[in-house]
Protein chains: 2
Amino acid sequence: MQKRNSSFIFVSDYLLFMTEKQDKILSAALELFANEGFSATSTNQIAKKAGVSEGLIFKHFKNKKGLLDALYGQVEGKLSEGFAQIIFETDPKKVLKITIESPFTIPSEDYDFWRLQFKLKWESDYYNPEKMQPLIDKLTWVFTELNYESPELEAKLLEQMIETIMVAILRQGKESQLALKDFLLKKYEL
Amino acid sequence: MQKRNSSFIFVSDYLLFMTEKQDKILSAALELFANEGFSATSTNQIAKKAGVSEGLIFKHFKNKKGLLDALYGQVEGKLSEGFAQIIFETDPKKVLKITIESPFTIPSEDYDFWRLQFKLKWESDYYNPEKMQPLIDKLTWVFTELNYESPELEAKLLEQMIETIMVAILRQGKESQLALKDFLLKKYEL
DNA sequence: AAACAAAAAGTAAGTACTCACTTAAATACA
DNA sequence: TGTATTTAAGTGAGTACTTACTTTTTGTTT
């Protein structure tokens with residue numbers, strides 16, 4: 001295995017070998033796409049922010065869209081990480097607690113991933129509500145276990161609440177949602 | 001006052017005189033900005049969709065951004081319309097009912113206004129949470145009247161719920177949220 | 001260890017557009 | 001006739017991407 005300036009990242013389910021420059025390009029692109037938008041970001045801006053030549057972007061990625069697709073793979077990885085703890089938990093009350101607290105556990109370094117994800121949700125190519133289904137299924141199980149009258153609707157409601165809290169955190173900061181979190185924890189008797 | 005092809009629309013608080021061509025330009029821009037994004041939309045695309053010459057856009061609007069600002073004025077108008085009925089209602093239960101049902105009363109012709117609004121919320125120049133304060137204040141009053149324990153948090157929670165329902169309607173269609181609406185009406189005993 | 005070749009990574013310059021916007025002349029319409 | 005609009009051409013800047021070349025790294029041989 002090679003030992004040069006490089007690192008390993010998980011993109012979806014597979015291991016990808018990447019140089020330091022590639023990493024810099026992806027980081028720069030993430031920041032710009034997440035905050036300015038894909039179309040509003042030029043490859044020249046990305047190159048400058050990454051501290052590389054513009055041509056190098058096209059050496060490592062097929063085109064500008066290919067860069068977005070690589071980032072999207074990383075976004076999906078973040079999402080899976082976010083779910084894993086919830087999916088594998090077996091105590092219904094713990095599931096609820098972890099779920100409600102999940103937006104508050106995301107490190108701020110990951111906020112651009114989430115911003116990009118929410119921006120991309122408005123593009124039909126990238127919007128797939130099925131992706132949230134495992135979480136909704138898990139929550140449905142929780143509300144069934146806890147003998148709620150409409151477990152499926154409770155699950156859907158909570159999933160959408162968590163999403164709107166995450167959006168608000170990204171826009172207004174974590175502090176703006178802390179009271180609401182505690183309020184929800186109380187509502188669900190946690 | 002001129003009598004040719006024209007109409008009157010309210011932009012924020014004042015009356016704006018507008019030709020049919022201006023209207024077509026704005027409609028085309030709305031559709032494209034809302035669905036493709038501002039940066040991803042060229043003035044040539046707008047002209048073609050509006051069925052006018054590209055030069056005419058710049059006769060009527062200072063620049064591309066000016067077009068967006070004019071649309072934003074209309075977006076704000078739609079928002080005020082949406083609030084008016086709620087703000088002026090004096091029966092707490094009716095306020096809740098109207099609020100929960102409000103995303104479902106929006107005509108689909110207005111969906112692009114709302115799409116644009118949600119897209120623009122990710123731009124700091126256009127994001128202003130204070131705008132929702134009148135609604136939150138009204139709902140706080142409602143929950144106080146109805147003797148809820150934490151009226152302010154209840155109001156905030158509901159406001160965010162309504163927003164996420166509106167987003168889901170825009171993405172997935174009205175039918176996807178009907179069950180949730182009925183569920184909420186039931187939760188609030190309406 | 002040193003020398004060299006090959007492979008990989010990276011750069012600067014270039015290419016062929018597209019873009020927002022302007023301008024002047026011509027056309028259309030009431 | 002006066003006004004609104006179109007047409008056509010143009011401008012200068014910016015865009016995504018390519019190309020030819022350079023630099024760095026890796027592998028092989030001595």
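Reminder, nothing fancy here: chain letters follow the sequence lines and each chain counts from 1. Model, not experiment: these values are computed from the prediction. Values below: every heavy atom of this structure, side chains too, minus hydrogens, waters and symmetry copies.
Contact annotation: A:Lys59 does not reach the phosphate of C:dT11 (side-chain N/O to OP1 or OP2, under 4.0 Å). Taking only side-chain nitrogens and oxygens, A:His60 never comes nearer than 4.0 Å to OP1 or OP2 of C:dA8.
Residue pairs meeting the ring-ring contact (aromatic ring centres under 6.0 Å, His included) criterion with at least one partner in residues 142-164 of chain B, sequence neighbours excluded, are B:Phe143-B:Tyr148, B:Phe143-B:Tyr188. Sorted by first and then second residue, the salt bridge (charged side-chain N to carboxylate O under 4.0 Å, His left out) pairs involving residues 155-173 of chain B (not counting sequence neighbours) are A:Glu163-B:Arg171, A:Arg171-B:Glu163, B:Lys121-B:Glu163, B:Lys156-B:Glu159. Residue pairs meeting the salt bridge (charged side-chain N to carboxylate O under 4.0 Å, His left out) criterion with at least one member in residues 144-154 of chain A, sequence neighbours excluded: A:Glu149-B:Lys186, A:Glu154-B:Lys187. Residue pairs meeting the salt bridge (charged side-chain N to carboxylate O under 4.0 Å, His left out) criterion with at least one member in residues 94-108 of chain B, sequence neighbours excluded, are B:Lys97-B:Glu101.
Atom CG in B:Leu56 sits about 13 Å away from atom C1' in C:dA28, given to the nearest Å. For the pair B:Glu20 CD and D:dT6 C1', the interatomic distance rounds to 16 Å; values are reported in whole Å. Atom CG of A:Asp23 is separated from atom C1' of C:dG10 by 16 Å (rounded to the nearest Å). Between the NZ atom of B:Lys48 and the C1' atom of C:dC19 there is a distance of 13 Å, rounded to whole Å. Rounding to whole angstrom units, CD1 of residue B:Ile57 and C1' of C:dC19 are separated by 12 Å.
Between B:Leu26 and B:Leu71 the shortest heavy-atom distance is O-CD2, 3.6 Å.
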Seminar exercise, completed: Reading nucleotides 12-18 of chain D from 5' to 3' and marking B where a protein heavy atom lies under 4.0 Å of the base, S where only the sugar-phosphate is that close, and - otherwise, the string is ---SBBB

Ignoring hydrogens and angles, write down the donor-acceptor pairs under 3.5 Å from the side chains of residues 27-36 of chain B, residues two or more places apart or on other chains.
residue	atom	partner	partner atom	Å
B:Ser27	OG	B:Asp23	O	3.2
B:Glu31	OE2	B:Lys49	NZ	3.4
B:Asn35	ND2	B:Glu31	O	2.8
B:Asn35	ND2	B:Asp112	OD1	3.1

